[in-house]
Amino acid sequence: MSNALTTTNRILCHFSCGAASAVATKLTILANKDQNIVIMYAETGSEDPDNLRFLLDCEKWFGMSVTRVKNEKYTDTWKLWEEKKYISNIYGAPCTKELKILPRQAFELPGDRHVFGYTADSNDIRRAAVFREHYPELEIITPLIDKGINKSACLAMIITAGIAPPKTYAMGFPNANCIPCCKAQSPSYWALVRKEYPMEFNRMTDLSRTLGAKLAVLKGERVFVDEIPLNHPVTEAIAPECDMLCHLAEQEF
C-alpha cells in the first residue's frame with residue numbers, strides 16, 4: 001500500500017550505530033512499553049565492520065530487532081561518489097540524501113513520531129533546532145536533550161550496560177560514521193584515517209584527485225587529503241555528524 005494512503009502511530013527510532021542513538025532508542029523503549037516502536041538503521045555499506053557487532057549487541061539490549069534499510073542502487077559510498085563524479089563540497093555531500101534520506105522516506109509512514117539521538121551538548125541542541133525548522137512535517141522527539149544527557153554520558157551508559165562501543169571511538173574518532181566521512185574538513189581527521197585505515201585513505205586520495213575534490217582545510221586553504229603532512233597530529237579529529245542537515249545545506253545552495 002502506498003505511504004500516501006497509510007497512516008501509523010509508530011514511534012520510529014533512528015539508530016545510527018552510535019552511542020547517542022543507542023541510548024535515545026533504549027530510553028524510548030523504556031518510556032513507551034505499550035507503544036508500537038520500530039527501530040530503523042540506514043545501511044551505507046561503508047562503516048567499520050565492528051558497527052554490525054555493536055548493532056547486534058544493541059538489539060539484545062533493546063530486546064528488539066533493528067530494521068535495516070538501504071538504497072539498493074549503491075553498494076557503498078564509493079559506488080555513489082564514482083557514479084555521480086561528486087564527493088563533497090562546502091555545502092554538503094550526495095551520500096546523505098541517497099543513502100540515508102531516501103531509504104528513510106521509503107520506510108517511514110505518515111503519523112510516525114521520529115526519535116533522534118541529538119544530545120544535550122550545545123552543538124547538538126542547535127542542530128536539533130535547525131532540523132525541526134527545516135522538517136516541520138515531522139514530529140521529532142529528542143529524549144537526550146529532554147533529559148539533559150550529553151555525549152559523554154551516553155558513552156558511559158553504553159559501557160555500564162556491558163556493551164563495547166564501536167571500535168572507532170577507541171581509535172579517536174568522535175563517532176561511528178562511514179570511513180572515511182567525505183564531509184570532514186579537519187586535517188587531523190584525515191591524518192587519523194591515514195593512520196587507522198590506510199587502504200581507505202589511499203583510495204580517497206586517488207578518487208579525490210581524479211575528481212578534483214579538495215576535502216580538507218589546512219591553514220585556511222582547501223587541500224587534497226594527501227597534501228596533509230605525514231607528521232600532522234591525529235588528536236581532536238573533528239568529523240561532522242552524519243544527518244539530514246548536510247543535505248539541507250546542499251539543497252539551499
Side-chain angles (χ1 to χ4, degrees), residues 15-19 21 41-58 66 68-90 92-100 103 155 163-219 221-243 246:
F15 177 72
S16 65
C17 277
S21 66
Y41 166 60
E43 292 186 295
T44 66
S46 294
E47 296 177 3
D48 186 283
D50 187 60
N51 280 16
L52 176 58
R53 186 275 313 162
F54 182 72
L55 182 150
L56 296 175
D57 285 349
C58 284
V66 175
R68 306 180 208 178
V69 299
K70 185 175 179 62
N71 185 340
E72 297 298 339
K73 184 178 179 181
Y74 303 106
T75 54
D76 54 28
T77 54
W78 300 101
K79 176 70 172 176
L80 171 65
W81 297 328
E82 290 164 357
E83 181 172 309
K84 288 187 173 292
K85 295 181 171 54
Y86 165 42
I87 302 175
S88 178
N89 61 28
I90 61 174
C95 37
T96 302
K97 174 183 176 181
E98 296 290 343
L99 303 182
K100 294 204 168 184
L155 193 58
I163 301 174
K167 77 173 190 177
T168 52
Y169 286 59
M171 292 177 179
F173 292 96
N175 49 45
N177 285 354
C178 298
I179 301 294
C181 176
C182 70
K183 293 174 286 187
Q185 299 180 30
S186 163
S188 294
Y189 170 84
W190 288 105
L192 185 57
V193 172
R194 178 168 54 198
K195 174 187 175 184
E196 299 291 351
Y197 296 93
M199 291 181 60
E200 287 79 359
F201 181 85
N202 291 335
R203 186 173 181 180
M204 182 57 83
T205 291
D206 293 340
L207 183 60
S208 62
R209 284 281 185 178
T210 298
L211 299 179
K214 295 183 176 182
L215 301 176
V217 176
L218 183 64
K219 296 180 180 179
E221 300 289 335
R222 296 196 72 87
V223 298
F224 291 108
V225 295
D226 59 330
E227 294 180 300
I228 298 169
L230 293 177
N231 63 348
H232 193 87
V234 299
T235 55
E236 298 183 9
I238 301 170
E241 300 293 341
C242 191
D243 62 14
C246 173

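Just so it is clear, the values below take in all heavy atoms, side chains as well, and ignore hydrogens, waters and symmetry mates. Small disclaimer: the values here were computed from a predicted structure and weren't measured.
- Residue pairs meeting the salt bridge (charged side-chain N to carboxylate O under 4.0 Å, His left out) criterion with at least one member in residues 185-210, sequence neighbours excluded, are Glu82-Arg203, Arg209-Asp226.
- You'll find the side chain of Cys178 stays beyond 4.5 Å of the side chain of Cys95, heavy atoms only.
- Looking at Arg53, its side chain never comes within 3.5 Å of a backbone N or O of Lys167 through a donor-acceptor pair.
- No donor-acceptor distance shorter than 3.5 angstrom exists from the side chain of Asp48 to the backbone of Pro166, with no hydrogens or angles considered.
- Here the closest non-hydrogen pair linking Pro229 and Leu218 is CD-CD2, 3.8 Å.
- Asn71 CG to Lys97 NZ: the interatomic distance, rounded to the nearest 0.5 Å, is 10.5 Å.
- Residues satisfying the side chain to side chain contact (heavy atoms under 4.5 Å, CB included) test with Lys85, not counting sequence neighbours, are Leu211.
- Summarising the geometry of Ile87 relative to Ala213, their closest heavy-atom pair is CD1-CB, 4.0 Å, with the distance given to 0.1 Å.
- Expressed to the nearest 0.5 Å, how far OG1 of Thr44 lies from CD of Glu98 amounts to 13.5 Å.
- Remark: the backbone N or O of Phe224 is not paired with any side-chain donor or acceptor of Trp190 at under 3.5 angstrom.
- A donor-acceptor pair under 3.5 Å is formed between the side chain of Thr168 and the backbone N or O of Asn175.
- Closest approach of Cys181 to Tyr189, counting heavy atoms only: N-OH, 2.6 Å.
- For Thr77, the side-chain hydrogen bond (donor to acceptor under 3.5 Å, both in side chains) criterion is met by Ser46, not counting sequence neighbours.
- Every residue two or more places apart in sequence or in another chain was checked for a ring pair (Phe, Tyr, Trp, His ring centres under 6.0 Å) with Phe54, and none qualifies.
- Residues Ser186 and Leu192 form no side-chain contact, since every pair of their non-hydrogen atoms from C-beta on lies 4.5 Å or further apart.
- Closest non-hydrogen pair, Glu47 versus Ala176, comes out as CD-O, 3.9 Å.
- Here the CG atom belonging to Leu56 is positioned 11.0 Å from the CG atom belonging to Asn51, to the nearest 0.5 angstrom.
- Residues passing the side-chain hydrogen bond (donor to acceptor under 3.5 Å, both in side chains) test with Tyr169, sequence neighbours excluded: none.
- Residue pairs that meet the salt bridge (charged side-chain N to carboxylate O under 4.0 Å, His left out) test with at least one member in residues 70-80, sequence neighbours left out, are Lys73-Glu83.
- Side-chain contact between Trp81 and Ser88 is absent, with no heavy-atom pair separated by less than 4.5 Å.
- At least one side-chain heavy atom of Thr96 sits less than 4.5 Å from a side-chain heavy atom of Lys183.
- Between Val193 and Phe173 there is a side-chain heavy-atom pair separated by less than 4.5 Å.
- With sequence neighbours excluded, the residues that form a side-chain hydrogen bond (donor to acceptor under 3.5 Å, both in side chains) with Ser21 are Ser16.
- To the nearest 0.5 Å, atom OG of residue Ser208 and atom NZ of residue Lys214 are 10.5 Å apart.
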